[in-house]
Amino acid sequence: MKRIGVIDFETTGLSPAQGDRATEIAIVVLEGSQVVDRFQSLMNAGVRISPFIEDYTGISNDMIRCAPPAGQVMAEAARFVQGMPLVAHNASFDQRFWAAELARLGTGASELPPFACTMLLSRRLYPQAGSYRLGSLAAFHALPPAGRAHRALADAEVTAALLSRIRSDIRAQFDVQEAPHDLLVKLQRSPRKALPKAIQAYFDALRDA
DNA sequence: TGCCAGGCCCTCTTTAGGGCCTT
């Protein structure tokens, strides 16, 4: 069964283009709906964490001082997910930091795998949810707690549980056998009303291939 | 709890603006 990597970054801020850096990464590997592997590490990028972010994430400057260099951690993370499609909540954020941190290693953005996004998918599948924050969606679906919110592994675990729920609901709601990663990437760009047609087109193309 | 950005999405829109989501 195809493995999917669910990724979450903690960072010093919102924008790598403005100099923000990753402070922690976690990757939870799903095989079907089962978690089969995990990767987690703090990383030291040599930048100072603001008091607001220390409070928000619980990751302090003292913790980062003892952490391995960011380049070393990112190289290990890249090896860990090699060939796996990736998923994140509000994936455009994690995708930017993934690309920016790997670019510092000399790894080209052309190697960037397509990310599926549990926030975009949730907006389409759960119009009644109200809020699409990770914590709100976890409460909406009564997902099991995974530890302190805004730490990378806890958030990656919750995102993985949300992803499993999304794939299960797609299978049930649209009466299909599977909801593979490339279907998710297509659906997250489809208008909500066009989901049935997009799913039909996806499986028609698979059958005709 | 805020600011910084970027992308999505809705509407009192489309020659635009503002809220949401990520840290």
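Within every chain, numbering begins at 1; the chains are lettered A, B, ... in the order of the sequence lines, protein sequences first and strands thereafter. Values reported hereafter were calculated over all heavy atoms of this structure, with side chains retained and with hydrogens, waters and symmetry mates removed. Please read all numbers here as calculations on a predicted model, not as lab measurements.
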I want to verify a distance call: between [options], whose nearest atom is closest to the [X] side chain?
X	options	answer
A:R124	B:dC8, B:dA5, B:dC21	B:dC8
A:H89	B:dC21, B:dG6, B:dT23	B:dC21
A:N90	B:dG7, B:dC21, B:dA5	B:dC21
A:R189	B:dT22, B:dC4, B:dG7	B:dG7
A:L120	B:dT22, B:dC4, B:dC9	B:dC9

Residue pair [X] / [Y], side-chain heavy-atom distance below 4.5 Å:
X	Y	value
A:L125	A:L187	no
A:I7	A:V81	no
A:L120	A:R189	yes

Between [N] atom [atom2] and [X] atom [atom1], what is the distance in whole Å?
X	N	atom1	atom2	value
A:L14	B:dC3	CG	P	10 Å
A:Y126	B:dC21	OH	P	16 Å
A:R133	B:dT22	CZ	C1'	11 Å
A:R96	B:dC4	CZ	C1'	12 Å
A:M119	B:dC8	CE	P	9 Å
A:E54	B:dT1	CD	C1'	17 Å
A:L134	B:dC20	CG	P	17 Å
A:D20	B:dG6	CG	P	11 Å

Pairs satisfying salt bridge (Lys or Arg N to Asp or Glu O under 4.0 Å), at least one member in [range], at least two apart:
range	answer
residues 61-87 of chain A	A:D62-A:R65
residues 31-43 of chain A	A:R3-A:E31, A:R38-A:E157
residues 175-186 of chain A	none
residues 199-209 of chain A	A:D204-A:R207

Determine the interatomic distance between [atom1] on [N] and the same-named atom on [M]; round to the nearest Å.
N	M	atom1	answer
B:dC12	B:dG17	C1'	11 Å
B:dC4	B:dG18	P	13 Å
B:dC3	B:dA16	C1'	23 Å
B:dG19	B:dT13	C1'	15 Å
B:dT1	B:dT14	P	34 Å

task: Residues of residues 135-166 of chain A with any non-hydrogen atom less than 4.0 angstrom from an atom of DNA chain B: list those, numerically ordered, please.
output: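 Hits under 4.0 Å, by residue number: A:H150, A:D155.
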| message | Which residues in residues 55-73 of chain A have a heavy atom closer than 4.0 Å to any atom of DNA chain B? | response |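 A:D55, A:Y56, A:T57, in order of number.
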Sequence neighbours left out, what passes side chain to side chain donor-acceptor pair (under 3.5 Å) with [X]? Give chain and number order.
X	result
A:H150	A:Y56
A:R165	A:D169
A:R21	A:E101

* Residue whose closest nucleotide on DNA chain B lies nearer the 5' end, A:A17 versus A:F93 ->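 That would be A:A17.
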Both A:Q18 and A:T11 contact DNA chain B. Which one's nearest nucleotide lies toward the 5' end?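 Counting from the 5' end, the first nearest nucleotide belongs to A:Q18.
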Which is it for A:D20 and A:S15 under the side-chain hydrogen bond (donor to acceptor under 3.5 Å, both in side chains) test, yes or no, and what are the steps along the way? CA-CA 5 Å; A:D20 290 320; A:S15 172; 5.2 Å; no
Next item on the list: Looking at every strand, decide which applies to A:F9 at a 4.0 Å heavy-atom threshold: base, sugar-phosphate, or nothing.
Entry: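 The residue A:F9 makes sugar-phosphate contact but no base contact.
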Side-chain N or O of A:S131 versus OP1/OP2 of B:dC21: is the shortest distance under 4.0 Å?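 Yes, within the criterion.
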